[in-house]
Every structure is written in structure tokens, then in C-alpha cells.
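Indexing begins at 1, ligand by ligand and atom by atom, following the structure's order.
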Amino acid sequence: MTLSKHWQTLYTNVNLATMTDGANSYGEIIKGALAISEGKIAWLGKVSDLPDVDSSVVDIIDGKGQWLTPGLIDCHTHLVYGGNRANEFEMRLQGKSYQEIANAGGGIVSTVSATRKASEQELLASALPRLTALHQQGVTTVEIKSGYGLDTLNEIKMLKVAGLLAEELPVTIKRTFLGAHALPTEYKDNAEAYLDIVCDEMLPQVVSENLADAVDVFCEGIGFSLEQTKRVFDAAKAHNLPIKVHAEQLSNLGASELAANYDALSSDHIEFLDEAGIKAMKKSGMTAVLLPGAFYFLRETQLPPIELLRKHQVPMAVATDANPGTSPIHNIHLMLNMACTLFRLTPSEALAGITCYGAKALGLSESKGQLAVGYDADIALWNIEQPAELCYQFGVNPLSRLIQNGQQVLMNESA
Ligand SMILES: [Zn+2]
């Protein structure tokens with residue numbers, strides 16, 4: 001047997017939730033093993049099928065019957081920002097009106113002004129604990145959006161900080177340019193002039209400095225119209241950047257269908273998405289990204305159309321939407337639980353949402369989000385007896401080891 005001669009690490013005596021079967025099942029391998037070579041998964045299967053392994057060459061780790069899953073993927077966050085909105089949260093609960101809160105400088109305007117004031121180092125320092133929290137919960141890949149700078153200098157600053165986070169922690173960061181997140185106050189009556197800057201100044205600079213992997217737009221009555229969204233999509237397409245969209249959160253403007261025409265990666269939020277939009281998404285191979293944290297925090301009542309998404313077999317991802325205004329939540333385990341309790345996803349659907357389908361929403365389905373030969377060795381080991389435990393409870397962290405690109409990056413003896 002020579003098969004194992006290039007292996008560096010072998011996890012044996014583990015159960016695997018490979019997540020290679022979409023949301024249909026965990027793709028379990030009971031009493032299994034998984035081998036890593038040069039940062040990739042080199043072999044996996046039943047222990048009984050293991051070839052002879054030379055323990056003088058291969059680092060063999062006894063998983064003691066614990067479960068291996070792909071490293072978790074948070075495919076939608078805004079976790080780089082200045083300040084926070086606790087003051088506004090408190091004012092609202094004291095019964096203050098939206099106008100009073102706005103007069104006191106609340107809302108997205110306050111985050112934009114705090115983000116503009118903060119230096120790169122300050123933004124990095126405030127984002128680091130948020131990313132650390134996700135990392136310690138088993139997250140190995142995070143998407144981070146810009147969108148609180150709303151001018152060229154500060155949008156670029158946010159994307160640079162998002163990139164710097166990958167030097168601080170062993171987490172893969174994918175960056176999304178969201179210049180069309182909101183209108184800055186200086187352009188509040190002139191959206192077209194602001195979009196000129198987004199499309200003709202910010203985007204070319206973002207592309208020339210290679211600062212983004214995708215482009216996103218907040219298409220909504222309080223965001224940008226369908227026509228304005230189309231402008232940004234055209235600009236993204238001209239630069240060959242994939243598209244994502246904040247769509248159908250508070251109303252149905254048809255942004256998911258529009259995005260489907262541009263072969264977008266994902267449509268996110270989608271509480272008000274209709275069947276025509278779902279069919280268009282299915283046809284173009286898009287992923288639906290569910291954000292239960294924002295649904296919860298805003299106390300929304302319109303549920304996303306889960307049954308129709310299932311009927312048309314549109315992949316459903318789940319993410320934190322970590323942001324200061326509508327989802328100040330940096331807990332992926334809580335999202336698993338909320339996806340099940342609030343949206344009635346099954347545990348295997350929820351887990352697929354933060355593994356294989358989280359990867360798909362980022363265009364990474366060929367390299368991440370599954371335990372399969374040739375995939376990146378981003379792997380989490382959990383002290384659980386069955387995968388549903390990851391969705392069933394939160395607050396106790398059962399992560400015992402985390403591996404990124406084949407390297408062990410976390411170990412928790414007490415899990
Ligand atoms: Zn968002």
C-alpha cells in the first residue's frame with residue numbers, strides 16, 4: 001500500500017458529515033477517517049477501508065468518535081464598521097419615534113459617519129473581536145461587504161480592512177463591494193449623481209486594486225430602485241465581477257429576477273420573493289441566502305418562501321448578516337438554531353446553508369463547504385453525538401478542533 005505515503009495528517013475514529021448531498025442529508029460516514037495532504041482532503045471513507053498507514057510519517061489523530069464537518073461559512077456579513085447602534089436600540093425601546101432617533105443622528109447615517117471617522121487601524125481593531133467570535137465557533141470562510149463608507153476613499157478603506165483581517169486570523173475572507181448600500185446624506189436628493197460615482201469612480205478603483213470578489217446592491221424602497229440596481233449590475237458585469245443582491249426584504253421589487261438575468265451568485269433576505277422570482281433564480285443557478293438574524297432583530301412577520309424554494313430546489317444558504325443596524329449578531333450557531341425555529345428548516349438544510357450552500361453563494365462550491373477529495377482541508381471537529389446538536393442548542397461551544405487549509409488553527413480541550 002503506497003496510497004498514504006504523501007499524507008500529512010489522518011483523522012481516524014471520527015464520524016463525518018460530508019455535506020456532499022446538498023440539503024438532503026448530512027452525507028454521513030460513520031466510523032470514518034479523513035486524510036490531509038498539502039492543505040487538501042486526500043482521502044476519506046470508512047476506517048475499515050483505510051490503507052496501511054505509516055505512523056512514522058503521518059500524524060494520526062484519534063477523533064474519539066467525534067464528528068467532522070466542513071469548516072463553517074458565513075456568506076453574508078457587514079462586520080467592518082465604526083461605532084455601534086446600542087444608543088438607538090435603547091431609544092427605540094424607550095418608545096422614541098423614528099424621527100426622534102433620526103434627529104439624534106441615528107440610523108445608517110451614524111454608522112457611516114463613525115466609519116468615515118475611524119482609521120484603518122481602528123476599524124481593524126473593532127472588527128477583530130467580531131471575526132474572532134465567528135472563528136471560535138468553527139467558521140473558516142467569511143464574506144465581508146463594504147457599504148458604510150459611501151465615498152471612494154472610505155469604501156476602499158473598508159475593503160482594505162476586510163483584507164487585513166485575513167492576516168490577523170486564519171480565516172478565508174471574500175470581499176464584496178456594496179457602494180450602493182444607501183445614499184450618503186450629501187447625495188440624498190441626487191441618487192443618479194451618487195451612482196455615477198459608484199459606477200465610474202469607486203468600482204474601477206476597487207477593480208484596479210483587486211479589492212473585491214463580487215458586487216452587491218441594496219434594492220429596496222429605502223435603498224435603490226430596480227432601474228438604479230440595473231445600472232450597478234451593468235457596471236459590475238463590464239468589470240467581470242459576480243453579482244449579489246439584497247432583495248425582496250421589505251417588499252417585492254423583482255430584484256432577484258433581475259439578478260438572475262445577470263447570472264448572479266445569490267439573492268439575499270428574500271422574505272417577499274414570489275414564485276416567478278424563485279423560478280428565475282433556479283434557472284440561472286442562484287443561491288437564496290436566508291438571514292434569520294435580521295428577521296428576528298427587526299421583528300419581521302413575513303417569512304421567506306421556504307416551501308416554494310424547496311419545491312423548485314433552489315439551494316438555501318444561511319448567514320449572520322452581522323451588521324450594527326439590523327443584525328448585531330456574531331453567532332453562526334444561533335443562526336443554525338434560528339433557521340430551524342423561525343424558518344422551519346430541517347437541521348440538515350440549516351447545516352447545508354452554512355457549508356456547501358454557503359460556499360455556493362460565494363462561488364466556492366468547487367473548493368469549499370464539503371468534505372470531498374481535492375477540496376480545501378477546512379474542517380471542524382465537534383464533540384457531539386449527532387449533527388442535529390449543532391442546530392438544537394447554542395451557547396455551549398462543542399468545537400474541539402478547527403483546521404484551515406490542512407493546518408490545525410484552534411484546539412479546545414474542554415469541548
Ligand atoms: Zn446585509
Side-chain angles (χ1 to χ4, degrees), residues 73-85 107-112 115 127 130-131 134 139 141-150 155 158-159 161-162 165 173-183 198 212-224 229 232-233 236 242-251 253 255-256 259 264-273 286-300 302 304 316-332 334-335 338-339 342-343 353-354 357-358 361-362:
I73 297 173
D74 192 350
C75 70
H76 180 141
T77 86
H78 309 247
L79 63 74
V80 172
Y81 56 83
N84 69 54
R85 308 251 282 274
I108 191 168
V109 174
S110 73
T111 300
V112 172
T115 303
R130 300 174 196 133
L131 185 63
L134 291 170
V139 172
T141 300
V142 176
E143 184 256 19
I144 301 176
K145 300 174 197 294
S146 69
Y148 295 119
L150 307 184
E155 285 293 302
M158 286 188 72
L159 291 168
V161 169
L165 283 164
I173 305 284
K174 300 298 277 185
R175 293 178 288 187
T176 301
F177 170 59
L178 179 58
H181 189 196
L183 271 185
V198 169
D213 305 290
V215 173
D216 195 342
V217 179
F218 181 39
C219 183
E220 191 55 72
I222 58 166
F224 293 90
T229 300
V232 182
F233 285 179
I243 286 164
K244 302 173 78 67
V245 65
H246 283 69
E248 275 73 77
Q249 182 184 10
L250 308 169
S251 61
L253 297 186
S256 301
L265 286 171
S266 70
S267 183
D268 303 31
H269 285 293
I270 59 159
E271 278 82 348
F272 286 82
L273 181 62
M286 285 171 69
T287 300
V289 179
L290 306 175
L291 304 169
F295 176 90
Y296 152 82
F297 197 77
L298 294 171
R299 306 178 77 229
E300 285 182 46
Q302 172 85 21
M316 293 182 279
V318 174
T320 60
D321 194 17
N323 80 78
T326 62
S327 188
I329 299 171
H330 310 89
N331 192 321
I332 198 87
L334 180 56
M335 294 306 106
M338 282 186 177
L342 298 177
F343 293 170
I354 60 166
Y357 292 148
L362 297 176

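Coordination check, H78 versus the Zn ion (ligand 1): passed, since an N/O/S atom of the residue sits under 2.8 Å. In summary, no N, O or S atom of D268 is located under 2.8 Å from the Zn ion (ligand 1).
Ring geometry for Y148 against H78 counts as tilted: the plane angle lies between 30° and 60°, on a 0 to 90° scale. Classification of the H269-H246 ring pair by plane angle, with boundaries at 30° and 60°, yields tilted.
The minimum distance between the Zn ion (ligand 1) and any N, O or S atom of H76 involves atom NE2. Restricting D321 to its N/O/S atoms, the shortest distance to the Zn ion (ligand 1) is reached by OD1. Restricting H246 to its N, O or S atoms, the one at the least distance from the Zn ion (ligand 1) is NE2.
The neighbour count for Y296 OH, taken as heavy atoms of other residues, nucleotides or ligands under 6.0 Å away, does not exceed 12.
Residues I329 and M335 are in side-chain contact: their nearest non-hydrogen atoms beyond the backbone lie under 4.5 Å apart. In this structure the side chain of E155 reaches within 4.5 angstrom of the side chain of L150, judged on heavy atoms.
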